[in-house]
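Computation of the quantities below employed the complete heavy-atom set of this structure, encompassing side-chain atoms and omitting hydrogens, waters and symmetry-equivalent molecules. What you see is a predicted model, and the numbers here were worked out from it, not measured in a lab. Chain identifiers are assigned alphabetically (A, B, ...) following the order of the sequence lines, protein sequences preceding nucleic acid strands; residue numbering begins at 1 within each chain.
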Amino acid sequence: MAEIQKNDQELRREEELKLIEEAGINPYPYSFDKNISAKEILEKFTDETKDELNNCQVAGRIMSIRKMGKASFFNILDESGRIQVYIRKDDIPEGKYDIFKLLDIGDIIGVNGYAFRTKTGEISLHCTDFELLCKSLKPLPIAKEEIDENGNKIVYDAFADKELRYRRRYIDLIVNSDIRKTFRKRSEIIKYIRNYFDAKGWMEVETPTLQPMYGGASARPFMTHHNALNIPLYMRIALELYLKRLIVGGFEGVYEIGRNFRNEGMDRNHNPEFTMLEIYVAYKDYNWMMDMTEDLVRNLSKDIIGKAEIEIDGKIINLEQPFKRAKMFDLYKEYTGKDLKGKSLEELLKIADELKVEIPKGASISKVLDEIFGAKIEPHLIQPTFVIDYPIEMSPLAKMHRSEKGIVERFELFVNGSELANAFSELNDARDQRNRLEEQAKCRAEGDDEAMIVDEDFLYSLEVGMPPTAGMGMGIDRLVMLLLGEKSIRDVLLFPLMRPEKI
RNA sequence: GAUCUCGUAGCUCAGGCGGUAGAGCAUUUGACUUUUAAUCAAAGGGUCGUUGGUUCGAGUCCAACCGGGAUCACCA
């Protein structure tokens with residue numbers, strides 16, 4: 001796929017570049033005094049105000065050219081959108097039209113001109129002069145566009161190859177420029193979360209990405225090596241344990257929005273690196289965190305998307321109505337008709353078999369419960385639902401339930417059948433935490449390579465003492481997918497991981 | 001990792017039961033000073049993902065491999 005040999009279109013562009021330089025023009029100048037955007041011209045133009053638009057200086061990439069002898073129309077695309085430019089041999093400096101003829105689709109130019117309305121009514125720019133700002137040497141996979149009578153955009157021969165769109169996102173952003181909106185929205189969503197937390201006085205922090213010991217979640221890590229210390233290092237799989245150390249240190253509200261790395265499979269819900277939000281607030285519990293999470297998600301949708309109803313996959317997700325709250329074991333009863341509470345491993349395996357849920361060999365109680373949940377309950381959780389009060393085996397970092405035995409104070413928020421957030425009343429009894437991590441270590445020794453490791457320094461911090469704390473984690477990529485109605489994580493990541501191209 | 005499916009010109013695609021490669025756009029040349037998928041006339045552009053196999057003959061049938069997508073498994 002790597003073009004070592006140049007094709008005829010590339011050779012031609014190089015020829016044109018030479019001709020431009022021979023005419024004494026620098027095809028790569030240093031700046032351009034842009035004073036208005038394409039969108040601003042289209043918005044400001046009326047028959048009364050057009051005189052104010054007599055000296056526009058716009059810059060952008062040429063996306064189409066229609067030549068008619070000694071005059072031409074072309075469209076340029078800037079960050080704000082497209083505008084049509086009309087250029088006439090007689091209305092630009094002597095000899096400049098010959099330079100214009102050397103320009104191609106993909107070149108970046110600056111245009112001086114005045115706004116006007118064409119015979120057919122399109123607001124356009126009448127060029128009085130232009131400057132080449134960058135000669136493009138590769139042809140763009142150009143698509144043609146048309147607006148039909150109903151104002152719908154019809155795209156002909158669209159650049160649709162998913163592989164190339166992900167591999168060369170910069171081309172995707174030019175040619176399918178509507179997707180720029182997705183990434184702008186993503187940025188707005190993250191900014192909104194920051195503002196929301198900052199307004200409450202919680203502090204954004206940065207904790208290590210490279211860690212001598214990984215923890216805070218059940219997943220396989222990426223491993224690397226530090227030469228100077230000659231030690232193995234791991235890419236973090238969660239933010240949790242370092243943020244809790246900061247609560248121990250006396251900060252009462254901390255959050256981090258950062259990259260986690262998990263050495264697992266990839267599909268439309270998973271990328272090896274993904275963005276996680278985690279927040280910890282001292283002196284609060286999971287009930288409080290549930291209210292906060294609900295408020296955040298609802299307001300995000302209202303303020304960023306403009307409504308609290310989201311259409312995805314033909315389903316309407318309603319974020320306005322109060323989110324359903326259901327105990328995990330009640331959901332088992334509701335969807336399988338069986339009471340799984342307090343059952344032994346043997347009993348659970350039997351139930352799984354009756355429900356026709358396949359369980360991998362050597363599964364623990366937690367694993368069996370998780371499998372049944374994933375197969376029988378998750379797909380039904382389309383409308384926002386807090387699943388609360390998990391069995392202790394599934395949650396090694398959550399605090400015992402204040403009134404129910406064998407249960408921890410934990411919730412997960414499910415929307416559209418997938419997990420969006422996970423939160424606990426954080427376990428701060430150091431003795432209990434040590435027991436649970438040692439239990440994990442046992443599972444690990446028995447071959448579960450996703451079980452957690454005993455982090456002695458983390459335990460030391462709990463022994464020093466952490467106040468009662470509520471903590472919550474939320475997958476930002478999935479949040480963005482939900483709010484924007486995207487079905488693949490790759491469509492909300494600018495540069496999703498791809499297998500390297502073979503040359 | 002498993003299954004299904006796709007890979008033909010720069011882009012989007014068509015190629016019946018196996019007979020030697022097609023269209024539109026893009027590109028080049030010519031015409032055209034308000035077009036908008038501009039138009040009109042002509043031209044160039046392909047090791048049909050790769051490697052093998054069957055066959056007189058393979059884009060087409062078979063196998064393996066490479067790459068993508070979808071579904072599943074693991075995970076968020």
TODO: Return the nucleotide paired to B/A58: Watson-Crick means purine N1 to pyrimidine N3 with N6-O4 or O6-N4, wobble means G-U with N1-O2 and O6-N3, both under 3.5 Å.
DONE: none
Task: Nucleotide paired to B/A70 in any strand shown, Watson-Crick or G-U, under 3.5 Å - done: B/U3
Task: Criterion side chain to side chain contact (heavy atoms under 4.5 Å, CB included) against A/Q84, the qualifying member of A/L42, A/I76, A/I123, A/T118 - done: A/T118
Open item on the list: By the rule that syn is within 90° of 0, classify the base conformation of B/G16 as syn or anti.
Closed with: syn
Task: Upstream residue (5' side of RNA chain B) when A/G265 and A/F73 are each assigned their closest nucleotide - done: A/F73
- [ ] Round to a whole Å and report the spacing from CG of A/L277 to P of B/A76.
- [x] 16 Å
Task: G-U wobble or Watson-Crick pairing nucleotide for B/C13 (cut-off 3.5 Å, both distances) - done: B/G22
Task: A/F130 six-ring face occupied by A/K96 cation (under 6.0 Å, within 45°) - done: yes
Open item on the list: Suppose we define a pair by two distances each less than 3.5 Å, Watson-Crick or G-U wobble; what does B/G46 pair with here?
Closed with: none
Open item on the list: Using a distance-only criterion (donor-acceptor N/O pair, under 3.5 Å, no hydrogens), is the base of B/U35 paired with the side chain of A/Q84?
Closed with: yes
Task: Side-chain donor or acceptor of A/E278 paired with backbone N/O of A/E240 under 3.5 Å - done: yes
Open item on the list: Counting only side-chain heavy atoms from C-beta out, which of B/U33, B/C74, B/U28 sits nearest to A/Y86?
Closed with: B/U33
TODO: Using Watson-Crick or G-U wobble geometry with both distances below 3.5 Å, tell me the partner of B/C32, or none.
DONE: none
Task: Result of checking A/E419, A/M328, A/R325 against A/V387 for side chain to side chain contact (heavy atoms under 4.5 Å, CB included) - done: A/M328
TODO: Can you check whether any acceptor in the base of B/C74 is under 3.5 Å from a donor in the side chain of A/D267, or vice versa?
DONE: yes
TODO: Could you pick out which residue, A/G475 or A/R268, lies toward the 5' side of RNA chain B when each is mapped onto its nearest nucleotide?
DONE: A/R268
